[in-house]
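Before any comments, here is the structure.
Nothing fancy with the numbering, it's 1 onward along the sequence.
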Amino acid sequence: MNFVDNIFKNWFGGFLSRRRATQLFGRGALLDTVGGRGAAEAVPEHVSRDMLKAATDDIPGSLVRLASHEDGLSAPEAAERLIRFGPNEVEHEKPLPWWLHLWHCYKNPFNLLLTVLAGVSFLTNDLKATIVIGTMVVLSTLIRFIQEGKSNRAAERLKAMVTNTATVIRRDLGTEATEVAEKYFDLHLNARRPPSRAEVPIRELVPGDHVALSAGDMIPADCRLTTAKDLFVAQAAMTGESLPVEKFADEKSSFATVLEARNLVFMGTNVVSGSATALVVATGNQTYFGTLATRVTATSRAPTAFQAGVNSVSWLLIRFAFVMVPIVLLVNGFTKGDWTEAFLFALAVAVGLTPEMLPMIVTSTLAKGAVVLSRKKVIVKRLDAIQNFGAMDVLCTDKTGTLTQDKIALERQTDVFGNPSDEVLKFAFLNSHYQTGLKNLLDRAVLEHVELQTELKLAQDYRKVDEIPFDFERRRMSVIVSERDDHHELICKGAVEEMLAVCTRVRIASAEGQQDVALDAHMLERVHTVTRELNEDGLRVVAVAMKETVASHLTYSVADESELILVGYIAFLDPPKESAAPALRALANNGVNVKVLTGDNELVTARVCGQVGLAVGTILLGPQIERMSDAALAHAVEDHQVFAKLTPLHKERLVRALRANGHVVGFMGDGINDAPALRAADIGISVDSAVDIAKEAADIILLEKSLMVLEEGVIEGRRTFSNMLKYIRMTASSNFGNVFSVLIASAFLPFLPMLPLQLLVQNLLYDISQIAIPFDNVDEELVKKPLKWNPGDIGRFMVFFGPVSSIFDITTFALMWFVFHANTPGQETLFQSGWFIEGLLTQTLIVHMIRTPKLPFIESRAAMPLLVMTVAVMAAGVLLPMGPLADYFKLQALPFGYFPWLIATLVGYAVLTTLMKRFYIRRFGWQ
């Protein structure tokens, strides 16, 4: 969780529940930049211009420009504006209608090609082929449609579904007071109708409305303050400033961007303390929040690495089929003279060449991965994202809440020279314990040292005398306690500069004990040096001072905060998660390079990265990125690991630069500012408590914001990819070998080497044997590094291993021709039966031979489902010619003398394939 949530939980949990806050705007950031520098570029120019006018106008000018009234709008005016401007809602990505989703699940090169082949089979009255091909297309499409639909519905259930309201000031009274008002107006016809306050759904706010704000409220729109009393707004979600920012109604100080304007408040931030009224300037998509959301939802996704890889492999195989099928047609047509039979055979070869199970294998493999990940608290919105998990070699992530615990912790307590000091912690604890005002995050971090309550004997030795409350002008607060009733101690803590203004001495340790020495210019310089070094360590520093007073002094005021003794400092940090360092090591060991992209300042970022073991090097800042060309940035993203002070556009540009360099990029974020980068990445990762637009832009949603979960997802993605790659390699090499064998047989045989029906059945049985591939085991060595699609490697694999099977096909041709004398058209059924069994069994055996770089069955065993399926299909292939269905498929029983030859052929095939595999691995490696 981030600082916004911490403020809700720790400061104002009673005013606004964390659930309501996150359901309205989520936990993410809007513009994750320090001070908002450069953020205006992330939104349309007119939005910045309108807010700039609101910031520079005086209050009457703003009322005139927005056609509002100092007492608010009337109900009819608000209703008319609601029609004109629309509801106060940000843009959301609309879910696809079911029919369009079904079309997206269907359209891929193989499904389209298979549909054409099924149509041709139907037109040629080959209904069996039509049914076989059509079944594959329907199954692959429906599996994908059902699984993605379930995942998207689960993601939708994560979205906030509550109604939120804002306190609006209108010139109409509530129903119960109307009669009294009318009576009042009857008596005083010239009286102005008084304004009233009402709770109105946030979606009904319109420009010109007046809203009342109090501690714990979310800012419901972009507004210009009209009144403000001690108003502090937490806008870490907007600017990266973790501490609240004071806002004023009439301030017109200079500012670099509208985000720095102290008289403006923005949708998505929240009130920490104080109260205010504000004039609504922009609602819905015209707010900073809304314009970024619109930009994200309007941007179409670029093809991911997975989609590009599958398409490239698909077209590789399709181009191969377009070359080979006409050759098969011409060879058989000219040599056999029966062009109709040759056409049907070529059509069967086209189906055999097409890995028609690829869509189904890919979908079922991804679906199985989605089920596994769901058990690990990961919701997969797009199935393709699982493979991208496995291919990801760069992970970009924010710092807060991912690397850190997203809570303030007391890191150090030091004296004025930076040496550890228990006395400073004691004074800080007394101050935080006895104050009755707002206990902020820093106070709570101090009070976690509960052991001091016993050590100091608070109940026995201390009594509170008075308190000087905190105010944001002094930026400090004091408590006065009586120690054993013999004297009083005024203990003050606050911002360093404001504390130094009221200190005249400093407390130092010496050989004689503690001494209080004058705070002269030399000592002041030493103090600044120590505090600067603490800041450079990424720590937030609070100074602690005290002085003793007489016990007779009973009442205290701000004037008593003078001539204090500076005791030392307490320094705070958002500590890293315990799991961050081991998770980063695990990701690095698995070949994933983690880069930190944050809007926070570079000092804090460097400190946190160092603590979790991430090499920092030189930090590249957002303003530097703005001045870089695309070519310069392409080099910079490779040379730097940490990027700070980033705007949303910076993050998106960094992701695109990494992808352009050939990386498969994951981005993890949970805020509206992260949404452009989430959409630009190959795999967008968000969390269940993120803003809606971030969840919509993401491909994967984590129910637990942890890098350890990501590491598990990476491994599962690589298992998924490896199993898909097995099928493509097996099918491509086997089909290439079959076509090569068909061409040789067609050129020399007086009959077809196999009938079209037999070829389709053989192909169907072979495909069935691979249905269990999604459930196969994967060697651990294969998931140690990112896996990427490489069509060139698949083509080389196909050409390398395909002819190996052709060698044994040709030996089988020779066996059937010379040994069993199947060398005349009258004996073609015997020839075809012999090749049918040998071809199917070698195809099935190749599943195990090239599923692993290791020695199959000995060093690496397939999963039981795949073993069972292999045995079943091989048995079916042998029984089909030997059983009662042989005549139906125009096959015949083979003599028993054939089977010793078959066993020898299979053994020889296994040995030669193993030798070729070892040579291939030495030469090209094994991905």
(request) Look only at the side chain of Asp776 and the backbone of Ala862, and say whether a donor-acceptor pair between them is shorter than 3.5 Å. (result) no
(message) For a 4.5 angstrom cut-off between non-hydrogen side-chain atoms, does Gln832 reach Met816?
(response) no
(request) Could you tell me whether the side chain of Ser746 and the main chain of Leu743 form a donor-acceptor pair under 3.5 Å? (result) no
Which donor-acceptor pairs under 3.5 Å do side chains of residues 894-911 form with protein atoms, sequence neighbours excluded?
{"unit_1": "Tyr898", "atom_1": "OH", "unit_2": "Gly834", "atom_2": "O", "d": "2.6"}
{"unit_1": "Thr905", "atom_1": "OG1", "unit_2": "Trp901", "atom_2": "O", "d": "2.8"}

(request) Indicate yes or no: does Glu716 engage Arg719 in a salt bridge with an N to O separation below 4.0 Å. (result) yes
(message) Given 3.5 Å as the limit, does a donor-acceptor pair link the side chain of Ser860 with the main chain of Pro856, or not?
(response) no
(request) Calculate, to the nearest 0.5 Å, the distance between atoms CG and CG belonging to Leu866 and Asn777 respectively. (result) 9.0 Å
(request) Kindly indicate whether the side chain of Leu702, heavy atoms from C-beta on, has any atom under 4.5 Å from the side chain of Ile700. (result) yes
(request) Step through the shown structure and confirm whether more than 12 heavy atoms of other residues, nucleotides or ligands are within 6.0 Å of NZ on Lys890. (result) no
(request) Output yes when a side-chain donor or acceptor of Glu711 lies under 3.5 Å from a complementary backbone atom of Ala586, and no otherwise. (result) no
(message) Tell me whether Arg729 forms a cation-pi arrangement with Phe801, defined as NZ or CZ under 6.0 Å from the six-membered ring centre and within 45 degrees of its axis.
(response) no
(message) Under the criterion side chain to side chain donor-acceptor pair (under 3.5 Å), I'd like the reasoning laid out for Ser806 against Ser741: C-alpha separation, chi angles, the key distance, then a yes or no.
(response) CA-CA 5 Å; Ser806 294; Ser741 302; 3.2 Å; yes
(request) Assess whether atom CD of Glu780 is packed by more than 12 heavy atoms of other residues, nucleotides or ligands within 6.0 Å. (result) no
(message) Measuring from atom CD1 of Ile715 to atom CG of Leu373, what distance do you get when rounded to the nearest 0.5 angstrom?
(response) 11.5 Å
(message) As an exercise, state the distance from OH of Tyr766 to CE of Met874, rounded to the nearest 0.5 Å.
(response) 12.5 Å
(request) Indicate yes or no: at least one non-hydrogen side-chain atom of Thr335 is less than 4.5 angstrom from one of Phe748. (result) no
(request) May I ask you to decide if Gly591's main-chain N or O and Lys784's side chain share a donor-acceptor pair within less than 3.5 Å? (result) no
(request) Go through Ile773 and Met730 one step at a time and tell me if the side-chain contact (heavy atoms from CB on, under 4.5 Å) criterion holds. (result) CA-CA 11 Å; Ile773 284 179; Met730 296 166 191; 3.9 Å; yes
(request) Carefully, step by step, assess Ile701 and Val378 under the rule side-chain contact (heavy atoms from CB on, under 4.5 Å). (result) CA-CA 6 Å; Ile701 297 175; Val378 178; over 6 Å; no
(message) Quick one, Met754 and Val742 - any side-chain contact, counting heavy atoms below 4.5 Å?
(response) no
(request) For the pair Thr844 and Met869, evaluate side-chain contact (heavy atoms from CB on, under 4.5 Å) and give the outcome as yes or no after the intermediate values. (result) CA-CA 10 Å; Thr844 308; Met869 192 64 70; over 6 Å; no
(message) So Pro853 and Asp779, do their side chains get closer than 4.5 Å, heavy atoms only?
(response) yes
(request) Taking the six-membered ring for Trp and the full ring for Phe, Tyr or His, determine whether the centres of Phe813 and Phe831 are under 6.0 Å apart. (result) yes
(request) Mind checking the CD1-CG spacing from Ile846 to Leu841? Nearest 0.5 Å is all I need. (result) 12.5 Å
(message) With a 4.5 Å cut-off on side-chain heavy atoms, are Val664 and Val394 touching?
(response) no
(request) Output yes when a side-chain donor or acceptor of Asp682 lies under 3.5 Å from a complementary backbone atom of Asn388, and no otherwise. (result) no
(request) Indicate yes or no: at least one non-hydrogen side-chain atom of Trp817 is less than 4.5 angstrom from one of Leu749. (result) yes
(request) Taking the six-membered ring for Trp and the full ring for Phe, Tyr or His, determine whether the centres of Phe797 and Tyr920 are under 6.0 Å apart. (result) yes
(message) Any side-chain to backbone donor/acceptor pair from Lys917 onto Ile850? Under 3.5 Å, distance only.
(response) no
(message) Whether Arg918 engages the ring of Trp926 as a cation-pi pair (distance to the six-membered ring centre under 6.0 angstrom, angle to the ring normal within 45°) should be assessed.
(response) no
(request) Would you please indicate if the ring centroids of Trp339 and Phe334 are separated by under 6.0 Å? (result) yes
(message) Using a 3.5 Å distance criterion without hydrogens, assess whether the side chain of Gln892 forms a donor-acceptor pair with backbone atoms of Met882.
(response) no
(message) Nearest 0.5 angstrom please: Phe808 CZ to Thr812 OG1, how far?
(response) 9.0 Å
(message) Determine whether Tyr727 and Val847 satisfy the following criterion, side-chain contact (heavy atoms from CB on, under 4.5 Å), listing intermediate values before the conclusion.
(response) CA-CA 8 Å; Tyr727 172 77; Val847 173; over 6 Å; no
(message) Given 3.5 Å as the limit, does a donor-acceptor pair link the side chain of Arg718 with the main chain of Asn590, or not?
(response) yes
(message) Does any part of the side chain of Val592, heavy atoms only, come nearer than 4.5 Å to the side chain of Asp393, both counted from C-beta?
(response) no
(request) Determine whether the side chains of Arg861 and Thr852 contain a donor N or O and an acceptor N or O closer than 3.5 Å. (result) no
(message) Nearest 0.5 angstrom please: Phe389 CZ to Ile685 CD1, how far?
(response) 4.5 Å
